[in-house]
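Only this structure's heavy atoms are used, side chains among them; waters, hydrogens and symmetry mates stay out. In what follows, every chain begins at residue 1, and chains take the letters A, B, ... in the order their sequences are listed.
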There are 2 protein chains.
Amino acid sequence: MAMTVNPAEKFRKPARVLKTVGHPDRLAIVEMLEHGERSVNEIAEALGAKQAITSQHLTLMRDKGVLYARREGTKVFYGIENKNVIRLLHCIYQSCDNTQQN
Amino acid sequence: MAMTVNPAEKFRKPARVLKTVGHPDRLAIVEMLEHGERSVNEIAEALGAKQAITSQHLTLMRDKGVLYARREGTKVFYGIENKNVIRLLHCIYQSCDNTQQN
DNA sequence: CTACTATATAGTAATATTACTATATCTAGT
DNA sequence: ACTAGATATAGTAATATTACTATATAGTAG
């Protein structure tokens, strides 16, 4: 197997995941889904955001492998596909609690 | 003290940190500095990147509170200010190792 | 002051992200 | 087929990010 990997290659995927959740709404969504699935409308309402934007965020995170989607009748429920982002979430909270910069 | 906090407010700072390190070069820099300071030139060389871009990344991360800078003569050494991003780094590595999506 | 090394910044073009409106698609029920 | 509810997508304008070149600034040595 070809092990000739560009050094930068190593950081591409991790960076993409970080960037994906590096948005206030998307971070809020991840936290919201930490303990279970929610429908698009539920998420949008909890977020206080418009349906279209919410759907865009969800689609993006699904494309990046952070979330999964499951259709149930007319509703679509989203959940966390990459469970490790939850650990990430807690890391970043500590990371921020311990600092005073904004 | 005013505890009337916009729900979205909670996610602004964490999201900003994630976004800040959500770039391959910047992630590489964080890893590089995990075990000690480096000068701008050292970092640029190790990265295989141009000096100007490297400096821009470093300045950005310093502004966001991720790194600190320390001048020593003509050189400037950068180090990790927010030690928690190291934990973040390891979280995200596991996060990626355990998934197959790109 | 001059020259040199190291770093930072200005200016800029290409591209990406964001937030929005309007509209399309999908599903279930009548 | 028609309607309504739920979700997705197209199109778009404003803004942000990225990567680049050229130049400026800071520090040191002579």
Side-chain angles (χ1 to χ4, degrees), chain A residues 6-9 11-30 32-33 37-64 66-79 81 102, chain B residues 6-9 11-30 32-33 37-64 66-79 81 102:
Chain A
N6 182 331
E9 187 60 33
F11 299 98
R12 276 247 288 274
K13 208 163 74 175
R16 193 157 38 211
V17 175
L18 288 167
K19 195 179 178 184
T20 300
V21 296
H23 183 289
D25 284 355
R26 294 198 290 268
L27 209 49
I29 290 172
V30 169
M32 197 180 309
L33 299 182
E37 303 173 337
R38 299 273 178 100
S39 73
V40 178
N41 260 343
E42 286 174 328
I43 295 168
E45 275 189 28
L47 231 52
K50 305 207 171 167
Q51 180 270 325
I53 291 189
T54 304
S55 181
Q56 281 172 11
H57 285 316
L58 292 170
T59 299
L60 175 67
M61 289 197 280
R62 202 188 56 168
D63 288 349
K64 303 295 195 226
V66 172
L67 303 183
Y68 67 83
R70 178 178 65 80
R71 175 144 234 152
E72 194 174 314
T74 171
K75 295 187 177 179
V76 175
F77 289 87
Y78 280 83
E81 169 81 48
N102 46 338
Chain B
N6 183 328
E9 188 60 33
F11 300 98
R12 277 246 288 275
K13 208 163 74 176
R16 193 157 40 211
V17 175
L18 289 167
K19 194 177 178 185
T20 299
V21 296
H23 183 290
D25 284 354
R26 294 198 289 267
L27 209 49
I29 290 173
V30 169
M32 195 180 307
L33 299 182
E37 302 173 339
R38 299 273 177 100
S39 74
V40 178
N41 260 343
E42 286 174 326
I43 295 169
E45 275 188 29
L47 231 51
K50 306 208 169 164
Q51 181 270 325
I53 290 191
T54 304
S55 180
Q56 282 172 12
H57 285 316
L58 292 169
T59 299
L60 175 67
M61 286 197 282
R62 202 188 55 168
D63 289 348
K64 302 295 196 230
V66 172
L67 304 182
Y68 67 84
R70 179 179 63 79
R71 176 144 233 150
E72 194 174 314
T74 173
K75 295 188 178 178
V76 175
F77 289 87
Y78 279 84
E81 168 83 46
N102 46 335

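Protein chain B touches strand DNA chain D; the 5'-most and 3'-most nucleotides with an atom under 4.0 angstrom of its non-hydrogen atoms are D:dT17 to D:dT28.
Nucleic acid contact class of A:Arg26 (heavy atoms, under 4.0 Å, all strands): sugar-phosphate only. Using a 4.0 Å heavy-atom cutoff across all strands shown, A:Ala52 reaches at least one base atom of the nucleic acid. At a threshold of 4.0 angstrom between heavy atoms, the contacts of A:Phe77 with the nucleic acid are absent. Within the nucleic acid shown, A:Thr54 has no heavy atom closer than 4.0 Å to any nucleic acid atom.
Two residues, B:Asn41 and B:Gln56, neighbour DNA chain C, and the one matched to the more 5' nucleotide by heavy-atom proximity is B:Asn41. For A:Lys19 and A:Lys75, each mapped to the nucleotide of DNA chain D holding its nearest heavy atom, the one lying further toward the 5' end belongs to A:Lys75.
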Subject >> Stepwise side chain to side chain contact (heavy atoms under 4.5 Å, CB included) test for B:Lys19 and B:Arg16 >> reply: CA-CA 5 Å; B:Lys19 194 177 178 185; B:Arg16 193 157 40 211; 5.6 Å; no
Subject >> Check against side chain to side chain contact (heavy atoms under 4.5 Å, CB included), B:Lys64 and B:Val17 >> reply: CA-CA 7 Å; B:Lys64 302 295 196 230; B:Val17 175; over 6 Å; no
**OP:** Let me see the working for B:Leu60 and B:His23 under side chain to side chain contact (heavy atoms under 4.5 Å, CB included), right down to the final yes or no.
**Re:** CA-CA 12 Å; B:Leu60 175 67; B:His23 183 290; over 6 Å; no
**OP:** In sequence, state the C-alpha distance, the side-chain angles, and the governing distance for A:Tyr68 and A:Glu37, and then conclude on side chain to side chain contact (heavy atoms under 4.5 Å, CB included).
**Re:** CA-CA 10 Å; A:Tyr68 67 83; A:Glu37 303 173 337; 2.5 Å; yes
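The local environment of CZ in A:Arg70 is crowded, with over 12 non-hydrogen atoms from other residues, nucleotides or ligands closer than 6.0 Å.
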Original post:
Once each nucleotide of nucleotides 23-30 of chain C is scored for protein heavy atoms under 4.0 Å, what B/S/- sequence comes out, 5' to 3'?
Top reply: ---SSS--
Would you list the atom pairs, donor with acceptor, under 3.5 Å between side chains in residues 43-53 of chain B and any protein atom, with sequence neighbours excluded?
none

